[in-house]
Chemist: 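Can you read through this structure? Questions will come right after.
Per chain, numbering begins at 1; letters A, B, ... match sequence-line order.
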Amino acid sequence: MAITNIKNLKEFSTANERFEGAHLLCPGCAHSMIVRELMNATDDNLVIASNTGCLEVSTAVYPYTSWDTSWIHIGFENAATAASCAESMYKARKRKGTLPDPDAPVKFVAFGGDGSTYDIGFQWLSGAMERGHDFTYICLDNENYANTGGQRSSSTPIGAHTSTAQAGSESYGKTQRKKDMVAIMAAHGAPYVAQLSPNKWKIMAKGFQKALETEGPCFINTVSPCTTEWKFDPKDTIHLADLATDTLMFPVYEIINGTELNILYRPKNVIPVEEYLAAQGRYKHLFKPENKHVIERIQKDIDAKWEYLQRREEARV
Amino acid sequence: MSRGVLATEKRGVRELGAEEKVGWDAVPQGVVLNSFDNILKENVSHVKPEDRDYSDFNSYTATVASWRVIKPVYNRDICIDCQNCWVWCPDTSIISRDKQMLGIDYDHCKGCGVCVEVCPTNPKSLLMFGEAQELEDALAMWPEKKKKAK
């Protein structure tokens with residue numbers, strides 16, 4: 001496997017881009033940052049499948065494609081299936097000797113939003129993970145169905161206002177907690193599972209390289225701050241990702257073989273979660289006096305999760 | 001294998017959505033869009049963008065410049081080539097070759113301002129100006145170095 005040098009940012013920047021501009025993602029969207037960081041982290045041939053979602057509808061607007069690699073779109077839920085089938089076909093053709101260039105390194109990658117990963121494509125992803133195909137699934141987690149108007153998904157955290165879990169006099173937004181997808185995928189026995197964030201580009205690129213190198217199904221959950229539905233200024237995307245990792249709302253960690261947990265980023269100063277919530281319009285209502293208990297609950301959940309991750313890292317189970 | 005309905009027409013840089021609209025029933029089923037005009041003998045990631053044979057279907061040949069109301073202006077004199085803007089640009093609009101930042105691709109930039117936010121120099125080597133501002137005028141009114149507040 002040929003790897004792009006990512007020792008420092010200057011070395012990294014010599015990579016030749018394979019994701020072109022003039023896609024129709026919103027200005028300041030973190031999806032394309034994540035995709036670029038992935039595609040620049042390797043110079044292997046890539047076969048990419050995308051679920052329906054912001055990334056798919058914006059990068060393949062007929063008659064345009066923004067991908068300089070092989071790219072497949074089939075349905076909302078089945079990027080994992082498409083990638084795993086392409087991988088099976090590649091293996092079969094290699095065995096039969098019908099590939100034009102059998103020695104060229106090829107990696108299989110699937111992209112999905114959180115709607116298609118946590119909800120709609122969950123069964124298909126679980127199946128592909130269980131079958132043990134050699135591919136990497138990357139979830140671009142922006143915590144709602146941003147492509148269709150910001151409906152709640154099972155990734156939306158408690159207290160967030162969405163178009164189908166509205167905040168008002170009767171409700172404080174979504175009342176359920178977020179699904180822990182990373183733990184579910186680790187429980188599949190996947191050899192490499194991680195949660196990464198685009199503001200930590202080096203950790204992210206290294207995680208991608210590790211996932212591509214690892215044989216077997218790998219899952220990566222990435223934080224993708226959504227300027228439209230989280231309601232913040234497009235220029236603050238990286239600032240929001242910084243807040244997400246530093247408040248430990250999105251801890252950055254990896255789980256190898258379902259057991260070995262490593263925390264990849266420890267913030268020097270952990271910021272109280274209020275700062276992260278205050279930076280976004282979707283949490284505006286939580287700062288009313290009657291909703292204070294929700295912020296306390298979010299902070300309590302974060303502290304408990306961080307404690308759990310640290311203890312698991314120590315115990316190696 | 002279908003190459004899509006616009007395959008025969010050669011176009012230069014176009015505005016997305018400006019061409020003739022085609023109804024969904026006129027679109028062939030299972031379209032394959034080729035990113036390049038000739039099948040590359042080499043791995044794409046070993047070919048510099050300026051040496052690639054982009055096809056009309058590649059969004060590289062399109063522009064989203066009309067999305068912009070403010071634009072980033074680049075000041076080479078202050079830049080330290082840290083490449084922060086390159087790694088976090090969501091629109092592949094920072095042109096960087098051989099570890100040097102060369103400038104901004106105004107055909108693909110949507111004016112989000114992320115590059116200005118992540119620029120570490122003092123004063124910033126990228127600043128947002130109105131879309132109509134001339135580049136020379138913008139460079140002439142660049143702010144002085146800010147002193148650290150004690």
Side-chain angles (χ1 to χ4, degrees), chain A residues 2 4 8-37 39-40 42-46 58-71 104-105 198-199 201-202 204-205 227 233-239 241, chain B residues 4-7 16-17 19 22 27 31 33-36 40 43-49 52 54-65 67-68 81-84 86-94 96-101 105 107-118 128:
Chain A
T4 314
N8 56 47
L9 205 41
K10 283 195 177 187
E11 297 283 348
F12 192 32
S13 74
T14 55
N16 291 317
E17 305 271 1
R18 284 185 283 174
F19 185 71
E20 301 298 346
H23 51 71
L24 302 188
L25 290 163
C26 302
C29 181
H31 274 30
S32 40
M33 300 178 192
I34 297 164
V35 172
R36 285 188 55 232
E37 281 172 33
M39 293 178 83
N40 289 332
T42 176
D43 62 359
D44 287 351
N45 295 308
L46 292 171
S58 310
T59 57
V61 186
Y62 189 82
Y64 293 107
T65 171
S66 300
W67 303 85
D68 290 350
T69 59
S70 307
W71 183 84
N199 58 327
W201 67 268
K202 199 170 184 175
M204 193 163 205
T227 77
D233 204 83
K235 70 178 175 22
D236 293 330
T237 311
I238 292 300
H239 177 58
Chain B
V5 287
L6 296 173
L16 267 185
E19 63 276 301
V22 178
V27 176
V31 175
L33 302 179
N34 291 320
S35 307
F36 303 103
L40 295 180
N43 186 336
V44 191
S45 57
H46 298 154
V47 185
K48 282 202 158 67
R52 293 179 192 169
Y54 287 114
S55 82
D56 280 357
F57 296 112
N58 199 309
S59 71
Y60 183 85
T61 61
T63 173
V64 286
W67 288 34
R68 224 169 33 228
D81 290 315
C82 69
Q83 308 293 351
N84 272 359
W86 173 84
V87 74
W88 284 310
C89 174
D91 294 302
T92 327
S93 299
I94 303 293
S96 182
R97 297 281 181 278
D98 302 326
K99 304 178 189 177
Q100 281 223 335
M101 152 87 168
D105 182 349
D107 281 335
H108 296 161
C109 174
K110 292 171 189 155
C112 64
V114 166
C115 51
V116 175
E117 287 300 302
V118 299
M128 300 307 280

Chemist: Is the shortest heavy-atom distance from the side chain of Val87(B) to the side chain of Arg36(A) under 4.5 Å?
Modeler: no
Chemist: When rounded to the nearest 0.5 angstrom, what is the spacing between OG1 in Thr61(B) and OH in Tyr64(A)?
Modeler: 5.5 Å
Chemist: Please test Asn16(A) against Val44(B) for side chain to side chain contact (heavy atoms under 4.5 Å, CB included), starting from the C-alpha separation and ending with a verdict.
Modeler: CA-CA 8 Å; Asn16(A) 291 317; Val44(B) 191; over 6 Å; no
Chemist: Are Asn43(B) and Asn45(A) close enough, and set up right, to give a side chain to side chain contact (heavy atoms under 4.5 Å, CB included), and what steps lead you there?
Modeler: CA-CA 7 Å; Asn43(B) 186 336; Asn45(A) 295 308; 3.5 Å; yes
Chemist: Test Lys110(B) against every option in Cys29(A), Pro234(A), Pro27(A) by the side-chain contact (heavy atoms from CB on, under 4.5 Å) rule and name the one that passes.
Modeler: Pro27(A)
Chemist: Is there a donor-acceptor pair closer than 3.5 Å between any side-chain N or O of Asp43(A) and the backbone N or O of His46(B)?
Modeler: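 No; judged by distance alone, with no hydrogens or angles, the pair does not exist.
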Chemist: Residues two or more places apart in sequence or in another chain: which of them pass ring pair (Phe, Tyr, Trp, His ring centres under 6.0 Å) with His31(A)?
Modeler: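 His31(A) satisfies ring pair (Phe, Tyr, Trp, His ring centres under 6.0 Å) with no residue once adjacent residues are dropped.
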Chemist: Looking at every heavy atom in both Phe12(A) and Trp86(B), which two are closest together, and how far apart are they?
Modeler: O-CH2, 3.4 Å
Chemist: Supply the atom-to-atom distance Asp98(B) CG to Thr14(A) OG1, rounded to the nearest 0.5 angstrom.
Modeler: 8.0 Å
Chemist: Can you tell me which of Gly111(B), Pro90(B), Cys109(B) forms the most heavy-atom pairs within a distance under 4.5 Å of chain A?
Modeler: Pro90(B)
Chemist: Please flag which part of Asp105(B) lies under 4.5 Å from any non-hydrogen atom of chain A: side chain, backbone, both or neither.
Modeler: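 Neither part.
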Chemist: Measure Glu37(A) against the heavy atoms of chain B and call it side chain, backbone, both or neither at under 4.5 Å.
Modeler: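 It is the side chain, since no backbone atom gets that close.
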Chemist: With a 4.5 angstrom heavy-atom cut-off, could you sort out which part of Ser96(B) is near chain A: side chain, backbone, both or neither?
Modeler: both
Chemist: Rounded to the nearest 0.5 Å, what separation is found between the CD atom of Glu11(A) and the NZ atom of Lys99(B)?
Modeler: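 Taking CD in Glu11(A) and NZ in Lys99(B), the distance rounds to 3.5 Å.
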Chemist: Is it the backbone or the side chain of Val118(B) that comes under 4.5 Å from a heavy atom of chain A, or both, or neither?
Modeler: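 Only the side chain of Val118(B) comes within 4.5 Å of chain A.
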Chemist: Which region of Cys82(B), side chain (C-beta onward) or backbone (N, CA, C, O), has a non-hydrogen atom less than 4.5 Å from a non-hydrogen atom of chain A, or is it both or neither?
Modeler: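 Contact with chain A: backbone only.
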Chemist: So what's closer than 4.5 Å to chain B heavy atoms on Trp67(A): side chain, backbone, both or neither?
Modeler: backbone
Chemist: Can you list everything that forms a salt bridge (Lys or Arg N to Asp or Glu O under 4.0 Å) with Glu20(A)? Sequence neighbours excluded, please.
Modeler: Arg52(B)
Chemist: Okay, side chain of Thr92(B), backbone of Phe19(A): is any donor-acceptor separation there less than 3.5 Å?
Modeler: yes
Chemist: Please look at Leu9(A) and chain B and tell me whether the side chain, the backbone, both or neither of the residue comes under 4.5 angstrom of a heavy atom of that chain.
Modeler: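 Both parts, backbone and side chain.
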Chemist: Non-hydrogen atoms of chain A under 4.5 Å away: do they reach the side chain of Val116(B), the backbone, both or neither?
Modeler: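 Contact with chain A involves no heavy atom of Val116(B) at all.
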